[in-house]
Structure formats: C-alpha cells, structure tokens
2 protein chains.
Amino acid sequence: MPARIDAQQRRQHVVEAAFRLVVAQGLEGMSLRKVAAEAGLNIGSVRHYFDDHHDLVAAAVRETGDRMGRRLARHTPETLVGLQGEAAVDALQALVEEVLPVDDARCAETTVLLEFMVAARTKPVFRPVTEQMAADLHQLVADALDALGVADVHGEADRLTALIGGLTIDTVTPHGSLGVDRLRATLRAHLRAVLPPVLEG
Amino acid sequence: MPARIDAQQRRQHVVEAAFRLVVAQGLEGMSLRKVAAEAGLNIGSVRHYFDDHHDLVAAAVRETGDRMGRRLARHTPETLVGLQGEAAVDALQALVEEVLPVDDARCAETTVLLEFMVAARTKPVFRPVTEQMAADLHQLVADALDALGVADVHGEADRLTALIGGLTIDTVTPHGSLGVDRLRATLRAHLRAVLPPVLEG
DNA sequence: CCATATTTATCACACCCGTGATAAACATGG
DNA sequence: CCATGTTTATCACGGGTGTGATAAATATGG
C-alpha cells in the first residue's frame with residue numbers, strides 16, 4: 001500500500017483554507033478551485049477527499065458547529081452557582097465573550113458563522129450549524145442565568161442571546177464598527193443590569 | 001420622439017423585482033437574467049435602464065437605504081419629550097418596531113438589509129446602506145432615549161441598537177426563529193428596563 | 001404617412017463554476 | 001525490483017454570469 005496520508009488531517013487542512021477564503025471573500029470564496037489553491041493543492045486532490053462541493057460545504061459547516069460547541073463546552077453553568085456582584089458579572093462576561101469577536105481567532109469564527117447563518121436562510125446545507133448554535137447558546141445562557149439567580153430566565157435568555165447576535169454583527173460588519181472595547185463595555189453594562197443585586201447582610 | 005416611458009418608474013419596477021429575488025434566493029438571485037425574468041422584461045431592456053450589473057446593485061442599495069431612512073423619518077424624537085411609564089414604553093416601542101421584522105413588508109426589507117450588510121463586509125458596493133442605516137438608527141435611538149430622560153444615552157443606544165440587530169437576525173434567519181410575539185415581548189422588556197421609573201408625586 | 005429616436009430583443013464572447021472521466025506519479029509491500 | 005493501490009494531475013463538457021455589439025420593433029412628431 002502507498003502514500004500514507006492522514007485523510008482526516010487533510011480534510012481539516014482543506015476546511016481551514018475554506019474558512020480563510022470565506023473570511024476574505026465571503027461565501028463565494030469557497031469554490032473548489034479557490035479552496036484548492038488556498039490549501040496549496042490541486043483541484044483533483046481536493047475532490048479526492050471531498051466527494052462533492054456540497055460535501056466540502058457540509059464539512060465546513062460541521063466544523064464550525066463543532067468549534068462553537070467546544071467553545072461553549074469549556075464553561076459549565078454549575079461553576080457559577082452562588083456567585084454575586086462583580087464576581088458573577090465577571091464569570092458570565094467570560095462565558096459570553098467566548099463566542100464574541102474579541103480577538104482575531106474568535107473574529108474569524110464569528111464571521112464565518114454569520115455568513116453561514118445568513119446563507120442558511122436560503123440554502124439548507126447551512127442549517128445544521130445555525131440550529132445547533134442557537135440551541136446550545138440559548139441553553140447555556142439560560143442555565144447560567146438560572147445559576148446566578150435571575151428571575152425571568154427565559155425572557156432574559158432571549159434578550160441576552162439577541163444582544164450577543166447584535167454585538168457580533170455590529171463588530172464584524174463594517175457599519176462604523178463597534179470595536180472590541182465598546183463591545184465589552186456594552187455587554188458588561190447589560191450583565192450588570194440583568195444580574196440580581198447583591199444580598200445584604 | 002417615441003415610446004413615452006417613465007424611466008424612473010421602470011427602474012423602480014426592476015429594483016423591486018431584484019428585492020423579491022434577494023428575499024427568495026439571497027444575493028445571487030440578483031443576476032441580470034433572473035431580475036429581468038422576475039420583472040417580466042428582457043435582459044436587454046434591463047440593461048437599457050442600468051448601465052451595469054454594478055449599477056443595478058447600487059440602485060438597489062440606495063433604495064434600501066432610502067426606505068429605511070423614510071421609516072425612521074416618520075418618527076421625530078421631539079414627540080417623546082415628557083412621556084413617562086407605559087406611554088413612554090409604547091411610543092419608543094412603536095418607533096423601534098418600525099425597523100423590525102414585525103410584518104411581511106418589514107420582514108422583506110430587513111431581510112434584504114441583512115443580506116446587504118453581510119455582503120458589505122467583502123463588497124464595497126453595499127457599504128452605503130450599511131453605514132447610513134447604522135448612523136441614522138443610532139442617532140434616532142440616542143435622541144429618543146435622551147428625550148425620555150435616560151441617563152447613559154450613548155451606552156444605552158449602543159445596547160438598544162445591538163438588541164435590534166440581534167432580534168432582526170434571530171427572527172429573519174431560521175434558528176428556530178424567535179417569532180413576532182417573542183420579538184415584541186423581548187423588546188418591551190428591554191425598554192421597560194431601560195426607561196427611567198415614573199416620577200412620584 | 002413617414003422619418004426619427006427610443007425601447008426591446010438577440011447573438012456571441014470570455015470567464016468561472018461543478019463534475020465526470022481518465023491518465024500520470026507515487027510510495028509502499030512483497 | 002516490481003506490482004499494487006493510493007494520491008495527484010489534467011482534460012472536456014454543460015451551465016451560469018456579465019458584457020459588448022447589433023438588429024428589430026415601437027410609438028411619437030412632423
């Protein structure tokens with residue numbers, strides 16, 4: 001048998017090239033030829049690891065969902081139980097910032113995610129990441145708010161997830177761009193307003 | 001001279017066909033051939049009224065910005081001065097709902113706007129609508145909050161505009177979809193929390 | 001009625017795309 | 001060293017897009 005190559009790792013490499021192109025050119029950067037060039041491979045090689053263009057897209061969608069899932073899995077709501085005041089705000093802020101564009105890596109990931117979400121409206125291939133993200137994030141946020149003693153967990157989870165989406169689009173997209181500092185400040189102000197006041201005595 | 005046709009009206013008709021296609025198929029539905037078919041015209045006719053594909057896109061972008069501008073212009077912050085309690089909430093809610101996807105018409109418009117905003121990240125043609133919208137909305141929201149006696153106008157305007165963006169994407173995009181009722185409820189809860197309490201006595 | 005300028009309709013070209021089919025290069029196992 | 005099956009590279013086809021150029025149809029003004 002010949003040419004020992006880890007197929008899984010190859011696919012990963014190609015998918016990462018696809019991500020770079022989506023960030024740079026939007027969804028239409030994810031063509032087989034462009035992705036192959038970006039990955040330093042020949043079109044035929046890419047097609048050897050991905051049956052279809054659809055298959056490549058599906059892999060990218062799956063990877064995006066997995067990454068966000070991994071980001072969210074790093075935080076468990078149980079660790080928040082009992083926290084009050086600024087400690088509670090800090091903990092929840094750290095949790096939420098995990099999926100906000102606060103550095104280059106997260107900025108790239110949220111950019112790709114936003115492109116996929118908007119595309120999901122008309123192209124079913126992109127649905128999985130959209131649905132998984134929404135469900136996971138909403139669940140985690142709801143659990144976190146519950147652990148921190150927030151009253152209207154459902155309503156506040158809706159509000160916080162909406163705020164997260166809005167902050168993301170305002171930062172990633174070029175409308176004068178919020179900027180990381182104002183993003184953080186806005187989130188912090190919201191968390192302070194939502195979390196219950198410290199118990200006296 | 002022949003064939004009296006209002007060119008302005010013709011262009012409007014074509015642009016509206018383009019909007020329908022963007023809603024149905026995303027940005028790639030806005031090709032010259034598809035738009036011509038949707039408008040019931042020949043490709044050559046469309047090209048007679050629009051020099052370029054770029055020109056058609058620019059017209060659509062301008063029209064989108066104008067519509068949103070007209071929506072916002074229907075509300076002047078001065079009418080809010082002095083309102084308190086539920087009356088203030090109602091007035092501000094009505095103002096904000098003007099640009100939220102609460103009915104079919106607004107849903108179509110916000111969908112097109114979202115597609116354009118995301119596209120603006122990589123394609124400069126779409127920039128104008130993005131920047132105009134962000135500036136106008138932020139200004140109007142800030143003025144409204146100021147008129148209603150909110151303390152941290154800048155910070156709260158950032159937060160409310162972010163919430164608007166998030167509610168829009170959550171409703172227009174298919175992640176389990178917020179739905180108009182929960183959208184309205186979430187907005188109302190936020191406004192109640194942000195507006196100052198009624199002055200006693 | 002006819003001439004004129006506007007409006008409409010076609011054709012052809014080059015580019016990019018996904019895809020099927022096929023041939024070459026390659027490193028390993030015997 | 002050779003044969004085997006993996007990996008890479010290339011060609012060709014049909015479909016879609018924007019665009020330039022050109023011909024036909026149309027309705028008005030004289």
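We name chains A, B, ... by the order of the sequence lines, and we start the count at 1 in each one.
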Return the CD to CZ distance between A:Gln93 and A:Arg184, rounded to the nearest 0.5 Å.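 Going from CD on A:Gln93 over to CZ on A:Arg184, the span is 7.0 Å.
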
Nearest-0.5 Å distance, CZ of residue B:Arg33 to CG of residue B:Asn42: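 These two atoms lie 10.5 Å from each other.
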
Between A:Phe116 and A:Phe19, what is the ring plane arrangement, given parallel below 30°, perpendicular above 60°, and tilted in between?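 Ring orientation of A:Phe116 relative to A:Phe19: tilted.
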
I need the [atom1]-[atom2] distance between [X] and [N], as an integer number of Å.
X	N	atom1	atom2	result
A:Leu41	D:dA9	CG	P	8 Å
A:Gln9	D:dT7	CD	P	12 Å
B:Phe50	D:dT19	CZ	P	13 Å
B:Asp55	D:dT19	CG	C1'	14 Å
B:Asn42	C:dT7	CG	C1'	11 Å

For [X], does the [atom1] atom sit with more than 12 other heavy atoms under 6.0 Å from it, leaving out its own atoms?
X	atom1	result
B:Arg74	CZ	no
A:Glu28	CD	no
B:Asp104	CG	no

Each nucleotide in nucleotides 17-22 of chain C should get exactly one letter: B, S or -. Can you fill that in based on protein heavy atoms under 4.0 Å? BBBB--

